[in-house]
Amino acid sequence: MADVVDRLISALNAHDVDAVMRCYRPDAVATWPDMEAGNPQEIGSYCTQMWEAFPNLRFTRWEKTACGDAIATEMVACGTQTGPYLLVGGEVLEATGRSVSARCSCFWNVVDDLIASQRFYYDQLQVYTQLGMCLPPVFRLSR
């Protein structure tokens, strides 16, 4: 079962959208901090957007643990933002030329050697800061 995760990571690193979509069940659900996708085509669209923003995006897996149909990984994602990056809220950050490196965790449920669900976590604040983005104003506490 854990082989599908290895295939997925390889497909992500190869920027092969067809191979990515073949790793998911037709009814798969995937979530990221900034989006939810309800089928392989939406998952592929999300990946394509990320590759456009970060053409050299790569994942390096540090750990992988499997228990039954559940698989967990810890990875680091690295890339340089040389294309438009769609931000939460729909704004687009034009190319900055800045590199990012972010630790991430992903949890998959696998059915019949295909991914049925995925929950991907990374620190958006860390990524936004590395891209040089100004953060929302600091809230002042009222007394």
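Every heavy atom of this structure was used, including side-chain atoms; hydrogens, water molecules and symmetry mates were not.
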- Task: Could you point out which residue of Arg25, Arg22, Arg7 forms a salt bridge (Lys or Arg N to Asp or Glu O under 4.0 Å) with Asp113?
- Result: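 The salt bridge (Lys or Arg N to Asp or Glu O under 4.0 Å) with Asp113 is passed solely by Arg7 among Arg25, Arg22, Arg7.
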Within the distance-only criterion (no hydrogens, no angle test), does the side chain of [X] pair as donor or acceptor with the backbone N or O of [Y] below 3.5 angstrom?
X	Y	value
Asp112	Leu114	no
Glu42	Gly38	yes
Gln126	Ala102	no
Thr73	Met75	no
Gln41	Ile43	no
Asn56	Thr80	yes

- Task: Report the relative orientation of the aromatic rings in Tyr46 and Trp32; use parallel for angles under 30°, tilted for 30 to 60°, perpendicular for over 60°.
- Result: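 Ring orientation of Tyr46 relative to Trp32: parallel.
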- Which of parallel (below 30°), tilted (30 to 60°) and perpendicular (above 60°) describes Tyr85 and Phe54?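 Answer is perpendicular, since the angle exceeds 60°.
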Looking at [X] and [Y], what are the two nearest heavy atoms and their distance?
X	Y	answer
Met21	Pro40	CG-O, 3.3 Å
Lys64	Val5	CD-CG1, 4.4 Å
Met35	Ala37	CE-CB, 4.0 Å
Gln130	Ser101	OE1-N, 2.7 Å
Phe120	Cys106	CD1-SG, 3.5 Å
His15	Pro55	CE1-O, 2.9 Å

- Item | Cys78/Thr60 under side chain to side chain contact (heavy atoms under 4.5 Å, CB included): CA gap, chis, key distance, verdict | CA-CA 8 Å; Cys78 298; Thr60 301; over 6 Å; no
Would [X] and [Y] show up in the same hydrophobic cluster when neighbours are defined by side-chain heavy atoms closer than 4.5 Å?
X	Y	answer
Val20	Leu86	no
Phe107	Ile115	no
Val4	Val29	no

Could you measure the distance from the [atom1] atom of [X] to the [atom2] atom of [Y]? Nearest 0.5 Å is fine.
X	Y	atom1	atom2	answer
Asp123	Thr129	CG	OG1	8.0 Å
Asn109	Arg119	CG	CZ	5.0 Å
Leu8	Asp3	CG	CG	12.5 Å
Leu57	Met50	CG	CE	6.0 Å

- Item | Test log, rule side chain to side chain contact (heavy atoms under 4.5 Å, CB included), inputs Thr96 and Met133 | CA-CA 10 Å; Thr96 63; Met133 293 180 57; over 6 Å; no
- Option from Asp34, Val100, Val76 for which side-chain contact (heavy atoms from CB on, under 4.5 Å) with Tyr122 holds: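 When side-chain contact (heavy atoms from CB on, under 4.5 Å) is applied between Tyr122 and each of Asp34, Val100, Val76, only Asp34 qualifies.
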- Apply side chain to side chain contact (heavy atoms under 4.5 Å, CB included) to the pair Asn39 and Tyr24, showing each step before the final yes or no. CA-CA 8 Å; Asn39 61 55; Tyr24 292 90; over 6 Å; no
